[in-house]
Amino acid sequence: MRNSLIGASVLAGVAACFLVAMLTLAVMSGGVTQQKFETLSPITAYTLALANAKPAMSATLALDNLFIILYVASLAIGLSALGGPATRAATVLSVAGMVGVGLFDFAENLHFVTMYAQLDAGMAIAPDQVARQMWASLLKWHIAYFALFMASFVIAERGAGLLGAILVWSLRLVLPVVGVLSYSAPDALQPLFFLARYGLMLSGFLLFAWVFAASAGATKGGAGA
């Protein structure tokens, strides 16, 4: 158990580093992210923007595919190690939810790879492909809100001091509200909630790293797988 928590803590920390790298790349490329191409717009303008963003998007997709491995492994291993009889349902739902999030995340990224292959082959991108991309992205995020909401009960049961309490209530209250407002708030405010969601992601991984490490330090009796 202790080794699993230490490993999960390290993975969460590395995931935070990958997120910083992707955000830095987005800033340097003028705001190119997957989310920019997961909303509907006239197909001609969408296709041109997607084609022009290929260098930055290719780098982002490569980083993100590694990031997915890191965050799914970290949360699945860490929450499984923290879970006990009293939180069995919450543990199962949170871990299964995060695995589902990872699968949808891979599907989104590989769909972008497919669309670039279409463009390279001279094939047009259909509007319904963009609509499906938007739907898959929204579903992924909402599964994540639910899975992390359930994860808060696993963390709360173990107890992790003030930082643990901050993580618990941010997962229960702040993240779901910010997430929903990122597409339901007035258009002028939506970018602020997108930025807030990124901030919550980064701080969340750092707090998960701390909680897993603190729980490993409190665990007595040797190592476990």
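Residue indices begin at 1 and follow the sequence shown. Not measured: the values here are computed from a predicted model.
For the pair Arg172 and Trp169, the cation-pi test (distance below 6.0 Å, angle within 45°) is passed.
Looking at Leu163 and Leu167, their side chains never come closer than 4.5 Å, going by heavy atoms from C-beta outward. Residues Val95 and Leu75 form no side-chain contact, since every pair of their non-hydrogen atoms from C-beta on lies 4.5 Å or further apart. No side-chain heavy atom of Leu171 sits less than 4.5 Å from a side-chain heavy atom of Leu200. Using a 4.5 Å heavy-atom cutoff, the side chains of Val130 and Phe37 are not in contact. The shortest side-chain heavy-atom distance between Val27 and Thr24 does not fall under the 4.5 Å cut-off. Put simply, the side chain of Leu189 does not reach to within 4.5 Å of the side chain of Leu181, judged on heavy atoms.
The side chain to side chain contact (heavy atoms under 4.5 Å, CB included) test applied to Leu103 returns Val99, not counting sequence neighbours. For Ala136, the side chain to side chain contact (heavy atoms under 4.5 Å, CB included) partners two or more places apart in sequence, or in a different chain, are Phe104, Glu108.
In this structure, a donor-acceptor pair under 3.5 Å is absent between the side chains of Gln34 and Gln133. In this model, a donor atom of one side chain and an acceptor atom of the other lie less than 3.5 Å apart for Tyr198 and Gln35.
Sequence neighbours left out, the pairs with a member in residues 66-83 that pass side chain to side chain donor-acceptor pair (under 3.5 Å) are Tyr71-Asp105. Identified under the salt bridge (charged side-chain N to carboxylate O under 4.0 Å, His left out) test for residues 43-68, with sequence neighbours left out: Lys54-Asp120.
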Donor-acceptor contacts, no H, no angles, side chain residues 173-180, under 3.5 Å, sequence neighbours left out:
none

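In this pair, Tyr183 and His142 present their aromatic rings tilted. The plane angle is within the 30 to 60° band.
Checking each of Phe18, Trp210, Phe67 against Phe205 for a ring pair (Phe, Tyr, Trp, His ring centres under 6.0 Å) leaves exactly one that passes, namely Phe67.
Residues Leu93, Phe149, Met150, Phe153 make up the rest of the hydrophobic cluster containing Phe146, defined by ILVMFWY side-chain heavy atoms closer than 4.5 Å, directly or through other members.
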